[in-house]
Amino acid sequence: MGFFERNRQALAERGIDASRLPPGQYSTDRFPVLHVGDVPRYDMAAWRFRVGGAVEREVVLTWSDLLALPQVEITTDIHCVTKWSKFDTGWAGVRIRDVLALAGLPTTAAFVLMHGDPGYTANLPLADVVGDHALLAHTYDGAPLAPDHGGPLRTLVPHLYLWKSVKWATGIEVLTEDRPGFWEQNGYHRRGDPWREERYRGD
Ligand SMILES: Nc1nc2c(c(=O)[nH]1)N[C@H]1C(S)=C(S)[C@@H](COP(=O)(O)O)O[C@H]1N2
Ligand SMILES: [Mo]
């Protein structure tokens, strides 16, 4: 039996439904850290989050503006294109759709480009970021999100591979046409649905 089959069997032995694993993924209890560049540090008094591009009005949020918006908690499985998945991760933050609503969307808005430090981007269809579980997350496992995992704020779009969830999020650029982000320019899939194994361009 290979590694992936053993991993699924071990889940079943723990009473965990192995069918929660998308194809080609294994489950881990660890939380690997993956990113390009150095972990940025922030002065939260100067920190800002911007919503711009194809919007009715540009919005600039301070940290306290963000915390004044409705806060939600979710528990979700996450899936990385490097094949690890982690079950039942707990997050809190603000729904992306609530932040987009502050800016107002024209009917032509169809995609977003998420921006994060240092110079990272990920593109997503608008439809993928307006659901209940698409967050600007500031809390993981009941504690402030660690800098390694994107604190103070990251996007979380758990139904897509984790490269679509931008650490050290700085803003949302609303687009009328799709524009590839960092990994999408480097051969990754435009959408990245783990259940369809959309890892690389052409999958
Ligand atoms: N700003 C930024 N966000 C990023 C990345 C990055 O390099 N920079 N890497 C992405 C990739 S490829 C993955 S797999 C996840 C990893 O998140 P984690 O380190 O919390 O596991 O962050 C994503 N978000
Ligand atoms: Mo990744």
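Just so you know, residue 1 is the first one in the sequence shown, and it goes up from there.
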Salt bridge (charged side-chain N to carboxylate O under 4.0 Å, His left out) involving R20 - partner list, sequence neighbours excluded: D77, D88
For D178, all residues meeting salt bridge (charged side-chain N to carboxylate O under 4.0 Å, His left out), sequence neighbours excluded: R190
Determine whether [X] and [Y] make a side-chain contact, defined as any pair of heavy atoms from C-beta on separated by less than 4.5 Å.
X: P152; Y: W63; result: yes
X: R41; Y: P147; result: yes
X: V129; Y: L100; result: yes
X: T155; Y: L135; result: no
X: T139; Y: Q71; result: no
X: R95; Y: H133; result: no
X: W195; Y: Q25; result: no
X: M114; Y: L124; result: yes

is_close_aromatic(W84, Y26), centroid dist under 6.0 Å: no
Taking NZ, NE, NH1 and NH2 as the nitrogens, is one of them in [X] or [Y] under 4.0 Å from a carboxylate oxygen of the other?
X: R97; Y: D132; answer: yes
X: E184; Y: K164; answer: yes
X: D29; Y: R14; answer: yes

Transitive ILVMFWY side-chain link [X] to [Y], under 4.5 Å:
X: V157; Y: V166; value: yes
X: V94; Y: W47; value: yes
X: I96; Y: Y120; value: yes
X: V99; Y: M44; value: yes
X: F49; Y: L69; value: yes

Check against side chain to side chain donor-acceptor pair (under 3.5 Å), H115 and T170: CA-CA 6 Å; H115 290 258; T170 55; 5.5 Å; no
Gap separating the [atom1] atom of [X] from the [atom2] atom of [Y], nearest 0.5 angstrom:
X: L153; Y: D117; atom1: CG; atom2: CG; answer: 11.0 Å
X: D193; Y: D128; atom1: CG; atom2: CG; answer: 8.0 Å
X: I78; Y: L162; atom1: CD1; atom2: CG; answer: 5.0 Å
X: R196; Y: E198; atom1: CZ; atom2: CD; answer: 5.0 Å
X: W163; Y: R199; atom1: CH2; atom2: CZ; answer: 9.0 Å
X: L160; Y: H79; atom1: CG; atom2: NE2; answer: 10.0 Å

Grab the two heavy atoms, one from [X] and one from [Y], that are nearest each other, plus how far apart they are.
X: V174; Y: A109; answer: CG1-CB, 3.5 Å
X: P22; Y: P194; answer: CB-O, 3.5 Å
X: A137; Y: L156; answer: CB-CB, 4.5 Å
X: R154; Y: F31; answer: NH1-CZ, 4.4 Å

Crowding at CZ, R30 (>12 non-hydrogen neighbours, <6.0 Å): no
Residues, nucleotides or ligands: over 12 heavy atoms within 6.0 Å of E73 CD: no
Sequence neighbours excluded, every pair satisfying ring-ring contact (aromatic ring centres under 6.0 Å, His included) that has a member inside residues 85-112: W91-Y140
Can you name the residues that form a side chain to side chain contact (heavy atoms under 4.5 Å, CB included) with [X], not counting sequence neighbours?
X: A18; result: R8, L11
X: V33; result: H35, D148, H149, K167
X: A103; result: V51, V55, V59

Residue pair Y188, F182: steps toward the side chain to side chain contact (heavy atoms under 4.5 Å, CB included) verdict: CA-CA 9 Å; Y188 282 37; F182 178 81; over 6 Å; no
